[in-house]
Amino acid sequence: MVEADDVLSLASQIPKGSVSTYRLLAEALGRKTFARFVGMALSRNPNPVKVPCHRIVRSDGHVGGYKLGVVKKIRLLREEGVEVKSGMIAEFKKHLFKKFITR
DNA sequence: CCTGGGGCAGCCG
DNA sequence: ACGGCTGCCCCAG
């Protein structure tokens, strides 16, 4: 059974300056159809300090949504060194983190 | 480019 | 507790 906490646990593994995707988290959970649920789980638990939800974007490199406002999400990413242009992550692949520790 | 359907844990009535 | 709808999405058409 996959729970919201599993999502948060994976999300917190993303290092500063990197980004990952809803899809990758879903796959790390072993359920590639969970992308939507991943977003909801992050939204449900707004813990900006422990869980950097702003580092999670859509699989096509588009920024995606953010409970506290997309504008804020973009600002946070920029502060960490990830440039966002026209709603897209610049050099998406370069910043992409996908080595999640699962168990 | 836009549209629709899928998937399922949570939220809300 | 019960059922229906939703959601920080994804992909095929």
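Within every chain, numbering begins at 1; the chains are lettered A, B, ... in the order of the sequence lines, protein sequences first and strands thereafter. Basis for what follows: all heavy atoms, side chains included, without hydrogens, waters or symmetry-related copies.
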- Item | Lys72(A) side-chain N/O to Lys67(A) backbone N/O, donor-acceptor pair under 3.5 Å | no
- Message: Output the rounded distance in Å from CG (Asp60(A)) to C1' (dA12(C)).
- Response: 15 Å
- Task: Would you confirm whether Arg58(A), through its side chain, and Val63(A), through its main-chain N or O, come within 3.5 Å as a donor-acceptor pair?
- Result: no
- Task: Taking heavy atoms of chain A and a 4.0 Å limit, find me the 5'-most and 3'-most nucleotide of DNA chain B within that range.
- Result: dG6(B) to dC11(B)
- Message: My understanding is that only residues two or more places apart in sequence, or in another chain, count here; which of them pass salt bridge (Lys or Arg N to Asp or Glu O under 4.0 Å) with Arg36(A)?
- Response: none
- Flag the pair Ile89(A) / Leu77(A) as yes when at least one side-chain heavy-atom distance between them is below 4.5 Å, and no otherwise. yes
- Message: Let me check I have this right: for DNA chain B, each base becomes ., (, ), [, ] or |, based on Watson-Crick or G-U pairs with both distances under 3.5 Å. What is the full string?
- Response: .|||||.||||||
- Item | Candidate list Lys73(A), Lys16(A), Arg55(A), test salt bridge (charged side-chain N to carboxylate O under 4.0 Å, His left out), partner Glu80(A), passing option | Arg55(A)
- Message: Tell me every residue that passes side chain to side chain contact (heavy atoms under 4.5 Å, CB included) with Val2(A), counting only those two or more places apart in sequence or in another chain.
- Response: Asp6(A), Leu29(A), Arg31(A), Phe34(A), Phe37(A)
- Item | With sequence neighbours excluded, residues passing side chain to side chain donor-acceptor pair (under 3.5 Å) with Glu3(A) | none
- Item | Residues that Glu27(A) engages under side chain to side chain donor-acceptor pair (under 3.5 Å), provided they are two or more places apart | Arg23(A)
- Message: Any residue in residues 7-31 of chain A with a heavy atom nearer than 4.0 angstrom to DNA chain B? Just list them by number, or reply none.
- Response: none
- Task: For the residue pair Leu76(A) and Tyr66(A), establish whether any side-chain heavy-atom pair is separated by less than 4.5 Å.
- Result: yes
Run the side-chain donor-acceptor check on residues 92-101 of chain A: report pairs under 3.5 Å with partners two or more places apart or on a different chain.
| residue | atom | partner | partner atom | Å |
| --- | --- | --- | --- | --- |
| His95(A) | ND1 | Gly17(A) | O | 3.2 |

- Task: For Tyr22(A), enumerate each residue passing the ring-ring contact (aromatic ring centres under 6.0 Å, His included) test, keeping only those at least two apart in sequence or located in another chain.
- Result: none
- Task: For nucleotides 1-7 of chain C, just jot down a letter per nucleotide in 5' to 3' order: B, S or -, based on protein non-hydrogen atoms under 4.0 Å.
- Result: ------B
For residues 81-88 of chain A, which side-chain donor-acceptor pairs fall under 3.5 Å, sequence neighbours excluded?
none

